[in-house]
Trainee: 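My structure is below; once you've seen it, I'll send some questions.
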Amino acid sequence: MSTRRKFLFSALGACLVQLSGETPSKLLIRSARPEDFEMTLEGFSSWLTPVESFFTRTHSYTPTIDMAQWGLRIDGLVDTPLTLKLDDLHKFPRAELVSVMQCAGNGRSFFQPGVAGMQWERGGVGNARWSGIRLADVLKKAGVKSAGNQMMMDGADEPPGTMPDFVRSLPIKKALHPDTLLAFQMNGEPLTASHGFPLRLVVPGWAGDSWVKWLTHIEVLDHEYDGFFMKTAYRHPIHPVPPGTPVDLSQTTPVTQINPESVIASPLHGSRVTMDRTTIRGAAWSGESPVTRVDVSTDSGRSWKAAALGGQATQYGWRLWQLAWTPKERGSAVIMARATDRAGQTQPLVQDWNASGYLWNVVQQVRVEVGDTVAAPPSGAELNIPEFPDAVKASCLPCHGADMVAGQHLSRPQWEKEVDKMIRWGSSVKPGERPALIDFLVSHFGPR
Ligand SMILES: Nc1nc2c(c(=O)[nH]1)N[C@H]1C(S)=C(S)[C@@H](COP(=O)(O)O)O[C@H]1N2
Ligand SMILES: [Mo]
């Protein structure tokens with residue numbers, strides 16, 4: 001944390017919770033408060049993502065859990081409502097699996113026109129070994145009534161102001177699937193505070209928004225849960241729309257499974273390689289259906305070759321892949337990789353646009369120069385955070401950092417919409433301050 005950041009943090013931090021851990025050194029900090037950290041491209045070289053390299057996505061703050069008080073409540077449409085302590089949960093049969101977890105918004109920064117939200121590039125995803133117990137075993141103990149077809153899940157995190165609480169629901173069919181877990185562990189270690197200690201949901205094949213952290217309450221319902229994070233957020237259009245078109249919520253459906261995707265870990269975009277043999281490699285994954293092939297092109301998509309798949313083959317984990325390439329000529333080359341899963345789904349070349357920037361999975365293009373020497377790409381642009389006027393500090397920064405604002409690239413109507421949402425969620429912007437606030441945001445953080 002910079003000194004200036006620390007200063008703002010303590011000056012405005014009266015109502016705030018501290019960061020849960022040390023500043024992560026292996027991650028890109030998209031937002032320090034709340035914690036939104038992105039995995040770097042290096043992460044696509046390892047089969048299991050170490051916890052210290054694993055992305056973090058938190059809507060409000062990381063709660064501090066008092067284990068003397070903590071319990072998991074299961075109620076609603078069940079025969080026997082239960083409150084289970086961690087010891088009780090440990091008595092159920094153990095279950096474990098390797099699965100990718102990907103944020104629904106991974107790749108959001110690539111949408112054109114740009115959309116509001118965390119500006120993830122490719123690293124809002126990771127692959128880990130999750131251990132715990134089957135959710136189905138716990139639900140069977142409570143006895144789901146025949147009318148129960150959805151399951152509400154809530155964690156211990158509490159939002160600031162009047163922001164809605166992060167509460168989600170899951171169809172009971174997915175909840176009862178033997179691979180849906182209540183996990184205590186990630187890669188053999190107890191969950192860290194950022195990743196949901198002491199208990200989180202593991203919903204393999206589905207986007208991260210269903211993987212509720214710090215789980216405290218499950219309620220069996222006969223309908224989809226009615227809150228903001230089910231009925232407004234995490235929805236995407238049923239039918240494709242022209243880019244930039246707002247879609248009525250009645251024409252949207254909740255985000256569920258993730259799509260096939262492949263990321264090139266090496267060589268890096270903008271780097272220089274020689275005429276010698278280069279290994280092109282990366283990782284590929286899909287939703288509930290495993291990746292069965294990755295095709296690589298080194299000539300802008302004119303021809304494709306199957307890459308060799310490595311890492312372990314599991315239902316939900318990612319595969320590492322590689323292909324040897326000996327360039328035939330000097331100049332500029334575009335490398336692409338395209339994953340296909342067992343269900344026959346493959347990555348598109350053009351994304352269907354959606355206003356929330358979910359489920360980006362367009363085939364990546366990595367441009368390299370073939371020359372006489374090897375060279376790393378030029379280093380990327382740093383986030384430039386200007387000094388915020390006092391009124392902006394006072395209305396925005398009590399709840400989140402300046403980095404969260406500075407990462408956005410929005411048009412005037414988009415900023416107006418965001419500011420009005422924040423006012424609804426308890427920001428102290430006075431009516432007279434709104435025009436200057438919008439002007440500041442549009443002039444510094446306008447469209448790319
Ligand atoms: N309680 C709670 N659970 C949550 C969230 C949250 O904000 N609160 N964020 C969700 C989202 S959108 C994602 S992508 C994943 C991220 O999990 P991670 O931080 O362990 O990577 O957690 C999910 N579970
Ligand atoms: Mo997410």
Side-chain angles (χ1 to χ4, degrees), residues 17 19-21 24 26-39 43 49-65 70 72 99-108 117-120 122-130 132 152-160 163-170 181-187 189-218 225 227-230 232-236 254-258 356-360 399-400 404:
V17 184
L19 292 177
S20 64
K26 301 227 163 109
L27 291 156
L28 301 166
I29 301 185
R30 296 242 167 258
S31 159
R33 176 176 59 89
E35 294 186 345
D36 292 297
F37 308 146
E38 179 163 345
M39 187 181 78
T49 312
V51 175
E52 66 269 24
S53 312
F54 206 100
F55 87 101
T56 299
R57 167 74 178 120
T58 298
H59 290 79
S60 52
Y61 308 117
T62 303
T64 307
I65 309 283
W70 185 88
L72 173 64
S99 178
V100 162
M101 176 180 53
Q102 173 169 238
C103 182
N106 193 29
R108 177 178 289 123
M118 223 9 87
Q119 297 300 300
W120 301 108
R122 301 185 191 277
V125 61
N127 190 42
R129 185 184 305 281
W130 309 94
M152 179 289 295
M153 50 234 187
D154 189 13
D157 49 337
E158 281 171 20
M163 176 184 167
D165 193 8
F166 185 80
V167 179
R168 295 271 311 163
S169 63
L170 196 66
L181 307 184
L182 293 173
F184 322 114
Q185 289 189 347
M186 184 176 177
N187 294 346
E189 299 289 335
L191 290 169
T192 59
S194 299
H195 294 296
F197 175 84
L199 192 71
R200 82 172 306 162
L201 272 153
V202 165
V203 189
W206 286 35
D209 45 291
S210 289
W211 298 50
V212 173
K213 304 194 273 191
W214 315 293
L215 189 67
T216 52
H217 186 194
I218 283 174
Y225 181 72
F228 176 84
F229 289 98
M230 288 305 299
T232 305
Y234 293 111
R235 301 181 71 90
H236 67 138
V255 167
T256 59
Q257 274 198 69
I258 54 174
S356 305
Y358 295 137
L359 302 174
W360 174 270
C399 294
H400 57 76
M404 183 174 260

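Counting starts at 1 for both ligands and their atoms, following the listed order. No experiment lies behind these values; they were computed from the predicted model shown.
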Trainee: Atom CZ in Phe184, atom CG in Leu199: separation rounded to 0.5 Å?
Mentor: 6.5 Å

Trainee: Once you restrict to heavy atoms under 4.0 Å, what part of Phe166 touches ligand 1? Side chain, backbone, both or neither.
Mentor: side chain

Trainee: Which bit of Met101 is near ligand 1, meaning a heavy atom under 4.0 Å away: side chain, backbone, both or neither?
Mentor: side chain

Trainee: What atoms in ligand 1 come closer than 4.0 Å to a heavy atom of Cys103?
Mentor: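 Heavy-atom distances to Cys103 below 4.0 Å select 14 (S).
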
Trainee: Is the contact between Tyr234 and ligand 1 made by the side chain, the backbone, both, or neither, using heavy atoms and a 4.0 Å cut-off?
Mentor: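 It is the side chain that gets close, since no backbone atom is under 4.0 Å.
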
Trainee: When rounded to the nearest 0.5 angstrom, what is the spacing between CD1 in Ile29 and CD in Glu35?
Mentor: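 Those atoms lie 9.0 Å apart.
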
Trainee: Side chain, backbone, both or neither: which part of Trp214 comes within less than 4.0 Å of ligand 1 when only heavy atoms are counted?
Mentor: side chain

Trainee: Checking side chain to side chain contact (heavy atoms under 4.5 Å, CB included) for the pair Arg122/Trp360: CA distance, chi angles, key distance, verdict?
Mentor: CA-CA 9 Å; Arg122 301 185 191 277; Trp360 174 270; 4.2 Å; yes

Trainee: Could you list the atoms of ligand 1 found under 4.0 angstrom from a heavy atom of His195?
Mentor: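 Near His195, the atoms of ligand 1 are 18 (P), 19 (O), 20 (O), 21 (O).
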
Trainee: From the options Arg57, Glu158, Met153, select the one whose nearest heavy atom is closest to atom 9 (N) of ligand 1.
Mentor: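 Comparing heavy atoms across Arg57, Glu158, Met153, the nearest one to atom 9 (N) of ligand 1 lies in Arg57.
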
Trainee: Kindly compute the distance separating OH (Tyr234) from SG (Cys103), expressed to the nearest 0.5 Å.
Mentor: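 The SG atom of Cys103 is 5.0 Å from OH of Tyr234, to the nearest 0.5 Å.
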
Trainee: What's the separation between atom CG in Leu182 and atom CG in Leu201, rounded to the nearest 0.5 Å?
Mentor: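 It is 5.5 Å, given to the nearest 0.5 Å.
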
Trainee: Atom 21 (O) of ligand 1: which protein heavy atom is closest, and how many Å away?
Mentor: Phe55 O, 2.7 Å

Trainee: Kindly give the heavy-atom pair with the smallest separation between Glu38 and Phe55, and that separation in Å.
Mentor: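 Looking at all heavy atoms of both residues, the shortest contact is CA-CB, 4.2 Å.
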
Trainee: Look only at interatomic distance and state if Ser60 has a nitrogen or oxygen under 3.5 Å from any nitrogen or oxygen of ligand 1.
Mentor: no

Trainee: Can you tell me the protein heavy atom closest to atom 23 (C) of ligand 1 and the distance?
Mentor: Gly208 O, 3.2 Å

Trainee: Any nitrogen or oxygen of Gly155 lying under 3.5 Å from a nitrogen or oxygen in ligand 1? Just yes or no.
Mentor: no

Trainee: So, Lys213 and Asp157, do they make that salt bridge, N to O below 4.0 Å?
Mentor: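 Salt bridge flag = no for Asp157 with Lys213.
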
Trainee: Around atom 17 (O) of ligand 1, find the nearest protein heavy atom and jot down its residue, atom name and distance.
Mentor: Arg200 NH2, 3.1 Å

Trainee: Could you tell me the residue and atom name of the protein heavy atom closest to atom 3 (N) of ligand 1, and the distance to it rounded to 0.1 Å?
Mentor: Lys213 N, 2.9 Å

Trainee: At what distance is the nearest protein heavy atom to atom 1 (N) of ligand 1, and which residue and atom is it?
Mentor: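 For this ligand atom, the closest protein heavy atom is Asp157 OD1, 2.9 Å.
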
Trainee: Taking distance alone, with N or O pairs closer than 3.5 Å, would you say Gln102 contacts ligand 1?
Mentor: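 No - when backbone and side-chain N and O of Gln102 are compared with those of ligand 1, no distance drops under 3.5 Å.
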
Trainee: Give, for atom CG of Asp165 and atom CG of Asp154, the distance between the pair rounded to the nearest 0.5 Å.
Mentor: 4.5 Å

Trainee: Could you pull out the closest heavy-atom pair between Asn127 and Val100, with the gap in Å?
Mentor: OD1-N, 3.3 Å

Trainee: Distance from Met404 atom CE to Met118 atom CE, nearest 0.5 Å?
Mentor: 3.5 Å

Trainee: Heavy-atom contact under 4.0 Å between Met186 and ligand 1?
Mentor: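 Heavy atoms of Met186 never come under 4.0 Å of ligand 1.
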
Trainee: Show me which atoms of ligand 1 lie under 4.0 Å from any heavy atom of Thr58.
Mentor: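 Selected atoms, number and element: 7 (O).
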
Trainee: Under a 4.0 angstrom heavy-atom cut-off, which atoms of ligand 1 come close to Val212?
Mentor: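 The list of qualifying atoms is 1 (N), 3 (N), 24 (N).
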
Trainee: List the steps, then state whether side chain to side chain contact (heavy atoms under 4.5 Å, CB included) holds for Val51 with Glu189.
Mentor: CA-CA 9 Å; Val51 175; Glu189 299 289 335; 5.7 Å; no

Trainee: Relative to each other, are the rings of Phe166 and His59 parallel, tilted or perpendicular (30° and 60° limits)?
Mentor: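 Parallel, since the angle between the ring planes stays under 30°.
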
Trainee: Using a 4.0 Å cut-off to any heavy atom of Trp211, which atoms of ligand 1 qualify?
Mentor: 22 (O), 23 (C), 24 (N)

